[in-house]
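Step one of this worksheet: look at the structure below.
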Amino acid sequence: MHNLWVPRYGEDVCPPSNLENWARHLYISPFLADLLWKRGARSLEQMEFFLNPGLRHLAPLEDWPGLPEAAELIVHAILTHKKIAVWGDYDVDGITATALVVDFLRKHNITATPHIPNRMSEGYGLNAPDLQMLAEDGVELIITVDCGICDYEEIKIARALGMQVVISDHHLPSFPLPEADAICAPTIGECPCPHLSGVGMAFMLMAGVGKILSENGFAKVDIRSLLDLVALGTLADVSNLSGQNRILVKNGLLALAEAKRPGIAALKAICNYAPNANLGAGQVVFTLCPRINAAGRMGKSEVALGLMLTNDRDEAARLAAELDALNTRRRGEEDAIQKEAQNQALEQVVSGRVGLVLYQPHWHMGVIGIVASRVVEEFNRPAIILCNHGDKIKGSGRSIDGFDLHGALIDCSSLFFGFGGHKMAAGLTLAPENLQEFRSRFDALAKEKLGHAPPTIEIKTDGELSVSDSINQTLLKELEMLQPFGLGNAEPIFTSPPLLIRDVRIRPGLFVLDVMDESTGITVKAKLWRPKVELPPHSKGKRLRLAYSPRLDRYNGVASVELRVRDWYLVE
């Protein structure tokens with residue numbers, strides 16, 4: 001399974017001679033200071049910010065495009081007692097953004113009606129029938145979160161029904177912008193963080209609303225209590241974790257650890273975490289977020305929204321259990337579809353396709369996005385997964401570095417009823433008769449950008465680390481200071497010297513190795529998850545090199561060291 005191992009930062013990144021002085025000032029090791037330097041922190045102040053990204057570093061509210069005008073309009077609606085609805089999306093980003101706005105207004109004794117469309121029957125974004133329903137219910141202002149910026153006709157309908165519309169979104173727009181009453185989005189102009197998530201934009205908007213409300217005699221609300229929702233949505237949306245997002249997520253993880261929100265405490269419990277457990281970004285993404293996401297994917301987003309908003313611990317436990325059951329159902333659907341999609345993908349790869357468009361009418365619309373991610377991971381090609389939705393075909397796509405998925409869909413837009421997304425993920429709707437032409441065009445665009453074979457997968461490494469250093473708990477605790485890891489802030493990956501395989505234990509989707517550094521006699525556990533190529537039979541007694549990330553495993557409250565293997569190869 002060996003890929004190309006390359007230095008993450010090249011060989012010409014030379015740290016300054018006074019780096020050790022910086023390390024002493026920050027009370028960190030020179031090893032960590034060197035990693036920070038290589039990650040772009042080129043001054044003592046930048047290193048200090050990276051390690052301690054406090055909320056005081058958030059950009060001024062007026063720097064966010066459209067935010068002052070949107071906040072003023074919302075406050076005017078509040079002061080004139082207009083009925084407000086919050087229209088969100090059914091993924092984690094949209095659900096947490098909806099909960100954030102509703103919760104924030106509720107803390108000011110202001111009622112807002114949440115509305116998240118059903119993924120199966122309504123689809124993404126605004127729709128005319130539900131806009132009509134809200135207007136008949138007396139709604140006078142709609143605040144969209146994580147959606148709306150491409151809903152041109154629907155916004156015209158909303159305004160024709162007598163409702164004002166404030167768009168809070170982060171997706172890529174087309175120009176001219178919709179004719180909403182106000183639009184705030186990091187994608188419509190210069191701003192401090194163009195990769196802000198939908199829930200992140202909602203957070204900044206509510207901070208602006210809170211500031212104006214306090215100037216009008218309302219009691220101040222501590223908006224930090226909403227950062228748990230921001231962390232969940234931002235991490236689930238695979239947002240770039242640099243700059244403003246780093247501030248929001250780093251502080252949001254602290255709020256998730258406190259679990260003051262009953263729904264968060266119940267969600268952690270159903271995932272077998274202690275209520276006050278500190279969770280890393282990966283744990284949040286792979287345990288908490290899938291259960292929230294399962295609700296929207298299975299057409300039950302109201303369960304996840306209710307969990308985020310309830311103040312009743314018994315209700316929270318019941319809703320968390322329901323989410324867990326939905327997630328189990330979702331995994332079953334996903335496994336079945338993934339096998340069929342992998343077979344189709346393999347056939348297309350063998351036939352020479354680089355851009356994969358996979359389709360079965362019966363696939364479940366709620367899980368095709370996850371399957372697309374799995375296909376991309378396995379074949380290192382951009383992939384679109386399609387299924388039937390009424391008399392149309394709907395799909396979800398994921399991409400790889402070097403291929404702008406949203407840009408490719410723009411080039412195919414004449415084939416679609418609609419589409420949206422960004423460079424790495426997107427969705428679309430097309431007519432069945434356009435499927436074959438779309439397959440051909442998408443493959444041609446992929447070959448134009450990537451060549452006739454996908455690029456070699458590169459494992460970007462941070463240098464060699466011995467086994468004795470990898471089990472040093474002081475060093476491992478320092479590496480945790482670099483959290484949260486994700487897009488824009490990759491978890492460090494080190495290479496090992498040759499290690500002797502002492503034992504191999506095979507579990508479903510997992511190889512557990514005991515490997516020994518023969519120069520020191522130290523043996524450590526290494527885990528290889530979902531290997532693309534399995535270790536050959538009779539590997540015990542052979543030697544291999546690892547590309548790995550060392551971690552402290554605190555399962556059951558006892559700290560132990562394990563190596564998470566990213567790649568390996570046998571050595572003679």
Side-chain angles (χ1 to χ4, degrees), residues 88-100 114-124 145-147 197-199 228-229 231-239 256 259 261-273 279 281-310 315-341 362-375 377 385 387 389 394-396 398 425 427 509 530:
D89 183 25
Y90 38 67
D91 67 1
V92 182
D93 193 17
I95 289 170
T96 53
T98 305
L100 186 148
H115 181 83
I116 298 177
N118 184 292
R119 186 177 199 136
M120 312 307 166
S121 59
E122 300 169 58
Y124 174 77
V145 289
D146 193 33
C147 63
S197 64
V199 69
D228 54 353
L229 298 172
L232 282 170
T234 302
L235 289 171
D237 220 49
V238 199
S239 299
L256 284 172
R261 188 180 302 274
I264 296 298
L267 191 59
K268 289 171 77 173
I270 210 74
C271 297
N272 297 316
Y273 295 127
L279 303 182
Q283 291 169 300
V284 172
V285 168
F286 291 109
T287 58
L288 304 190
C289 291
R291 287 166 171 81
I292 301 172
N293 218 7
R297 292 188 181 281
M298 307 308 286
K300 301 273 285 184
S301 55
E302 68 278 2
V303 178
L305 181 64
L307 181 67
M308 296 298 102
L309 289 173
T310 185
E315 183 185 17
R318 178 184 63 78
L319 292 172
E322 188 172 350
L323 284 187
D324 194 50
L326 287 170
N327 191 49
T328 300
R329 263 184 61 203
R330 187 270 307 166
R331 282 202 305 265
E333 296 269 8
E334 178 191 333
D335 290 344
I337 295 171
Q338 187 175 334
K339 289 176 183 176
E340 294 182 13
H362 65 270
W363 287 345
H364 193 293
M365 190 171 62
V367 300
I368 55 176
I370 300 174
V371 173
S373 297
R374 298 277 189 244
V375 170
E377 181 183 346
I385 311 293
C387 64
H389 182 64
K394 295 199 74 167
S396 185
R398 300 293 184 270
R530 291 205 320 267

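What you see is a predicted model, and the numbers here were worked out from it, not measured in a lab.
Counting only heavy atoms from C-beta outward, the side chains of R330 and E333 never approach each other to under 4.5 Å. Taking the side chain as every heavy atom from C-beta outward, Y90 and N118 never approach each other to under 4.5 Å.
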Verdict with reasoning, H115 to T98, per side chain to side chain contact (heavy atoms under 4.5 Å, CB included): CA-CA 8 Å; H115 181 83; T98 305; over 6 Å; no
Side chain to side chain contact (heavy atoms under 4.5 Å, CB included) between R291 and C271, worked out: CA-CA 9 Å; R291 287 166 171 81; C271 297; 3.6 Å; yes
Side chain to side chain contact (heavy atoms under 4.5 Å, CB included) assessment of V284 paired with L279: CA-CA 6 Å; V284 172; L279 303 182; 4.0 Å; yes
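For A99, the side-chain contact (heavy atoms from CB on, under 4.5 Å) partners are L229, L305, M308, L309, not counting sequence neighbours. Shown here are the salt bridge (charged side-chain N to carboxylate O under 4.0 Å, His left out) partners of K300, two or more places apart in sequence or in another chain: E322.
The backbone N or O of D93 sits nowhere less than 3.5 Å from a side-chain atom of D146 that would complete a donor-acceptor pair. Side chain of T310 to main chain of G306: no donor-acceptor pair is present (N/O by atom type, distance under 3.5 Å, no hydrogens or angles). Between the side chain of R329 and the backbone N or O of A325, no donor-acceptor pair lies under 3.5 Å. No donor-acceptor distance shorter than 3.5 angstrom exists from the side chain of S239 to the backbone of L235, with no hydrogens or angles considered.
For the atom pair L323 CG and M298 CE, the distance stands at 12.0 Å (nearest 0.5 Å). The structure places CZ of R297 at 10.5 Å from CG of N327, a figure rounded to the nearest 0.5 Å. Remark: L326 CG to N293 CG distance equals 11.5 Å, nearest 0.5 Å. Taken to the nearest 0.5 Å, the CD1 atom of I368 stands 9.0 Å off from the CZ atom of R398. Taken to the nearest 0.5 Å, the CD1 atom of I116 stands 8.5 Å off from the CD atom of E302. Atoms CZ and NZ, from R261 and K268 in turn, are 13.0 Å apart once rounded to the nearest 0.5 Å.
The shortest heavy-atom contact between S301 and P117 is OG-O, 4.3 Å. The two residues A320 and L267 come nearest to each other via the heavy atoms CB-N, 4.1 Å. Of all heavy-atom pairs between S396 and A372, the closest is O-CB, 3.8 Å. Contact detail for A321 and I270: the closest heavy-atom pair is CA-CD1, 4.0 Å. In terms of heavy atoms, C147 sits closest to G88 at SG-O, 3.9 Å. For the residue pair L232 and C289, the shortest heavy atom distance occurs at O-SG, 3.7 Å.
Salt bridge status for E334 with R374: present, with a side-chain N to carboxylate O gap under 4.0 Å.
In this model, a donor atom of one side chain and an acceptor atom of the other lie less than 3.5 Å apart for W363 and E340.
With S197 as the partner, the side chain to side chain contact (heavy atoms under 4.5 Å, CB included) test is satisfied by one option alone out of V238, T234, T96: T234.
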